[in-house]
2 protein chains.
Amino acid sequence: MPRPREFEPDTVLNAAMLRFWERGYRATSIEDLVKATGVKPGSLYSAFPGGKRTLFLKSLERYSRLVVPQKLGELEASGASVAEIRGYFDGLVRDLLSPEGRQGCLLVNTAIEKAAEDDEAAAVVRGHLARLERCMTHALENAVRRGQVRAGLDCAGSARLLVATCQGLMVVGKANPDEALLRAIVDNAFAALG
Amino acid sequence: MPRPREFEPDTVLNAAMLRFWERGYRATSIEDLVKATGVKPGSLYSAFPGGKRTLFLKSLERYSRLVVPQKLGELEASGASVAEIRGYFDGLVRDLLSPEGRQGCLLVNTAIEKAAEDDEAAAVVRGHLARLERCMTHALENAVRRGQVRAGLDCAGSARLLVATCQGLMVVGKANPDEALLRAIVDNAFAALG
DNA sequence: AAGATAGATGAGCGATCATTCAAGAACAAC
DNA sequence: GTTGTTCTTGAATGATCGCTCATCTATCTT
């Protein structure tokens, strides 16, 4: 009996995610989203009760579910090893150097902009960091088993360092997208694995 | 002949810096600054032509000039070596774990929040990163000379990695101020220096 | 004491913020 | 075609944004 929806909530959410990714939470207004999607405020609020913050949290989840796996690529596969870690870092550098990639990572941006004041957002960020740490650890364990890195390597500890390194890479890349600089960071991070 | 100023511009700037540091650029309103300083909007704008953005850029400079040297400590001394780098990292961890230190570093926050849209702010951040890189490089060169790290170490490259690592440390620490995690990052960063 | 100079004041500017809601519109069921 | 239900619409809400300016006040000079 009801009147059918004229827009796809996922499409709206995707547009919201892109805006939050590009400009951050505070700098993205509801009117921005109305313009970007063509969906009027009333419909937006009835489709996403909780308003802007709900839209943001759902954007974070969508990012984790759709964007992150694409960036991680084979690094999440059970056979991942040094090459896949390297591939992930190279992808980050490539993104930071491209005009569209300057926005960095929505979850890193959120860690800085919102984590301190919104624990629900911080929890999504923590989940992401844990996920990164998990697959880095696993890839390093594979690497040790295959003799690709030095035998006594502390996989769990090195994974934590690698996670921090890629977060730092994005901070540096955002202020100074210089290829030689970013490559030096990545090269030295790998040199340390021996 | 003129009526004398009733407030010290540096005092106002200091209060502004603390607010921007704690909450970021967008989340800090002029009214916040008026409340924090007792100086009314008119006086604020006449003392700082250019308004909020000028106040912000001058806050960045003040932070570089007063806060950063205090955090770097002996790391900027010409005799600095591994111990001073370690001291700097330990200070970062201590800050991130303390309630007052959760705000992280104003310049890292700025890199994420504003560098992409404000090149003048980005330039201050780049200057900070270059300064960090410079004193890390110098300290590593001293360390090589003293045999505190492995002989063939690429000081310039390792310094770039260490700079990225400490930026990453602050991103991770902001979302997840967990002592064991942060210590693991620092320990592994130093293990890599051999 | 009067005049000149510059800082202090705060009401108020137009713009924009996130959000709401009364009214109209589109469909399914009958 | 009528009714019931949900969706769409966009004007309007009050709050807040960064900022300005006419007015007042305090000091120095003479």
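Values below: every heavy atom of this structure, side chains too, minus hydrogens, waters and symmetry copies. Protein chains get the first letters and strands the later ones, always in sequence-line order, with residue 1 at the start of each.
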- Query: Sequence neighbours excluded, which residues qualify as ring-ring contact (aromatic ring centres under 6.0 Å, His included) partners of Phe190(B)?
  - Reply: Phe89(B)
- Task: Could you please name the option among dC17(C), dC7(D), dT20(C) that lies closest to any side-chain atom of Ser29(A)?
- Result: dC17(C)
- On DNA chain C, nearest-nucleotide positions of Thr28(A) versus Gly38(B): which is more 5'? Gly38(B)
- Sugar-phosphate, base or nothing in reach of Gly51(A), heavy atoms under 4.0 Å: sugar-phosphate
- Query: Atom NZ of Lys35(A) and atom C1' of dT16(C): how far apart are they, to the nearest Å?
  - Reply: 11 Å
- Item | Cationic tip of Arg5(B) above Phe7(B) ring, under 6.0 Å, 45° of axis | yes
- Item | Whole-Å gap separating P (dC19(D)) and CZ (Phe48(B)) | 14 Å
- Message: Among dG10(D), dC17(D), dC17(C), which nucleotide has an atom closest to any side-chain atom of Pro41(A)?
- Response: dG10(D)
- Query: Rounded to the Å, how far apart are Arg5(B) CZ and dT5(C) C1'?
  - Reply: 14 Å
- Aromatic rings Tyr25(A) and Phe56(A): how do their planes relate, parallel, tilted or perpendicular, breaks at 30° and 60°? perpendicular
- Query: When the distance from CG of Leu55(B) to P of dC17(D) is rounded to whole Å, what number comes out?
  - Reply: 15 Å
- Message: Nearest to the side chain of Ile30(A), heavy atoms from C-beta on, is which of dG18(D), dT19(C), dC7(D)?
- Response: dT19(C)
- Item | d(CG, Leu44(A); P, dC7(D)) in whole Å | 14 Å
- Among dC7(D), dT9(C), dA8(C), find the nucleotide with the atom closest to the side chain of Lys40(B). dT9(C)
- Message: Rounded to whole Å, please give me the gap between CZ in Arg26(A) and P in dA15(D).
- Response: 18 Å
- Item | Row check, Phe48(A) ring normal vs Lys58(A) NZ/CZ: under 6.0 Å, within 45° | no
- Task: Please name all residues satisfying side chain to side chain donor-acceptor pair (under 3.5 Å) with Glu179(A), sequence neighbours left out, ordered by chain then number.
- Result: Arg183(A)
- Query: Nearest to the side chain of Tyr45(B), which nucleotide is it out of dT20(D), dC17(C), dT20(C)?
  - Reply: dT20(D)
- Item | Distance in angstrom units between Leu33(B) CG and dG18(D) C1', rounded | 11 Å
- Task: Select one nucleotide: of dT19(C), dT8(D), dT9(C), the one nearest the side-chain heavy atoms of Ser43(A).
- Result: dT8(D)
- Message: Nearest to the Glu31(B) side chain among dC17(D), dG18(D), dA8(C), which nucleotide is it?
- Response: dC17(D)
- Task: Provide, to the nearest angstrom, the distance between the NZ atom belonging to Lys52(B) and the P atom belonging to dT16(D).
- Result: 15 Å
